[in-house]
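None of the values given here were measured: they were computed from a predicted structure.
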Amino acid sequence: MKSYFNIKAVILLFLILLASPVLVAQSDSDKTNSIVSQMLTAMGGIENYNNTRFIQWEFGKRKMYWDKWTGDVRIESTEDNQCILMNINTLKGKAYANGHLVENEVNTKKLLNQAKNWWINDSYWLVMPWKLHDPGVTLKYVKTAKLPDGKMADILEMTFNAVGVTPNNKYWVYVDQEDHLLKQWSFFKNFNDNEPQFTKAWDNYQKTGMILLSFDRSKGAGGPKNVVVNTTVDSAIFTKL
């Protein structure tokens, strides 16, 4: 009888140990989802973000106009004296260089592809906190850490599965435990890297329309400037030079 109960105890212990990694993974997933949910609420809520239609901003020497609902964008590059009018979903559009329509099909395709890469980069520096649950994004809870202002933050790791222009990248995002806003981010060129290429502030949140966006950030943080959210715009912005 004693031997029988010992066998049952061993089997029970084995089952508990077998289930433990699953329970831990589930717990980390729940914690990560809770952090992201609180962050989205703090920024105004995903419904208000989805209802936000027109956003314009500056990034470096480029100016962006974006119709979130249709995917139409206008990208002006003063440095290259170019203006690209395209749909970011279909990648169809037209390009102007030095004030003239580019007629050559090969050159147009090249400029449209360049503009797509610009838009992916420049828009990510603006709306990344809203995209943590995008398809192809894998989130993992890392640890807690102290922000430069002394407040504690939860660190989430972002990796990517065959999405974006640089799917091998990795990010750490630091979410303030008090106000639940993303306050800092680290960029790793490769998901296997142990040290980031940079860590920068993601600060100076401002209410634009019905949501909070971070722009005109601290010195050295880079990122978007002069962000404006509109409910309506002149449709010619996306069709005419």
Side-chain angles (χ1 to χ4, degrees), residues 16-50 120-164 166-208 210-225 227:
I16 291 172
L17 292 175
L18 189 66
S20 292
V22 176
L23 294 174
V24 170
Q26 183 64 40
S27 176
D28 283 349
S29 176
D30 290 343
K31 185 172 186 177
T32 298
N33 289 335
S34 176
I35 292 169
V36 174
S37 178
Q38 289 176 318
M39 183 188 67
L40 293 174
T41 299
M43 294 189 298
I46 194 65
E47 183 176 354
N48 282 330
Y49 175 71
N50 289 337
I120 289 174
N121 178 78
D122 298 1
S123 65
Y124 213 70
W125 278 73
L126 177 67
V127 298
M128 182 259 284
W130 295 96
K131 298 175 70 63
L132 301 192
H133 277 158
D134 273 10
V137 176
T138 299
L139 282 179
K140 183 176 75 173
Y141 186 84
V142 180
K143 60 181 179 179
T144 60
K146 189 174 289 188
L147 293 165
D149 62 5
K151 295 181 179 179
M152 297 303 297
D154 291 304
I155 301 178
L156 305 181
E157 179 182 279
M158 299 175 66
T159 52
F160 307 91
N161 181 19
V163 293
T166 52
N168 290 330
N169 292 167
K170 177 175 71 178
Y171 298 94
W172 279 10
V173 295
Y174 299 67
V175 182
D176 191 316
Q177 290 183 342
E178 290 187 20
D179 63 16
H180 307 296
L181 294 175
L182 193 159
K183 294 294 184 61
Q184 184 174 276
W185 66 312
S186 296
F187 168 75
F188 301 77
K189 189 172 183 180
N190 192 285
F191 60 82
N192 289 321
D193 292 345
N194 293 319
E195 297 296 328
Q197 284 203 340
F198 64 73
T199 296
K200 294 181 181 291
W202 193 288
D203 57 7
N204 196 34
Y205 282 84
Q206 302 176 55
K207 189 168 185 180
T208 51
M210 297 300 293
I211 60 174
L212 293 180
L213 292 171
S214 162
F215 58 97
D216 299 339
R217 296 172 192 157
S218 301
K219 185 177 180 180
K225 296 183 179 297
V227 178

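- The aromatic rings of Y171 and Y124 lie tilted to each other, with the angle between the two planes from 30° to 60°.
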Verdict with reasoning, Q177 to T144, per side-chain contact (heavy atoms from CB on, under 4.5 Å): CA-CA 9 Å; Q177 290 183 342; T144 60; 3.5 Å; yes
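- Between K146 and M152 there is a side-chain heavy-atom pair separated by less than 4.5 Å.
- Heavy-atom minimum distance, R217 versus A201: CD-O, 3.8 Å.
- The shortest side-chain heavy-atom distance between W130 and L40 falls under the 4.5 Å cut-off.
- Taking the side chain as every heavy atom from C-beta outward, D154 and Y174 never approach each other to under 4.5 Å.
- No side-chain heavy atom of I46 sits under 4.5 Å from any side-chain heavy atom of H133.
- Here the CG atom belonging to L132 is positioned 4.0 Å from the CE atom belonging to M39, to the nearest 0.5 angstrom.
- Side-chain contact check for F187 versus K189: some heavy-atom pair is nearer than 4.5 Å.
- Using a 4.5 Å heavy-atom threshold, the side chains of F188 and E157 count as separate.
- Here the shortest heavy-atom pairing between K170 and F191 reads NZ-O, 3.1 Å.
- Looking at heavy atoms from C-beta onward, V173 lies in side-chain contact with M128 at the 4.5 angstrom threshold.
- Between L126 and L213, the shortest heavy-atom distance links the atoms O-CD2, 4.1 Å.
- Separating the CG atom in L156 from the CG atom in N33 is a distance of 9.5 Å, to the nearest 0.5 Å.
- Considering every non-hydrogen atom in both W125 and W202, the closest pair reads O-CH2, 3.1 Å.
- Contact record, D176 with E178: OD1-N, 2.7 Å, taken as the closest heavy-atom pair.
- Going from atom NE2 of H180 over to atom CG of L182 covers 13.5 Å, rounded to the nearest 0.5 Å.
- Rounding to the nearest 0.5 Å places OG of S29 at 13.0 Å from NZ of K140.
- Remark: L139 CG to I35 CD1 distance equals 9.5 Å, nearest 0.5 Å.
- For the pair Q184/L147, a side-chain contact is recorded, criterion being any heavy-atom separation below 4.5 Å from C-beta on.
- Taken from CE in M43 to CG in N48, the straight-line distance is 11.5 Å, to the nearest 0.5 Å.
- Taking each heavy atom of F215 and T208 in turn, the nearest pair found is CE2-CG2, 3.6 Å.
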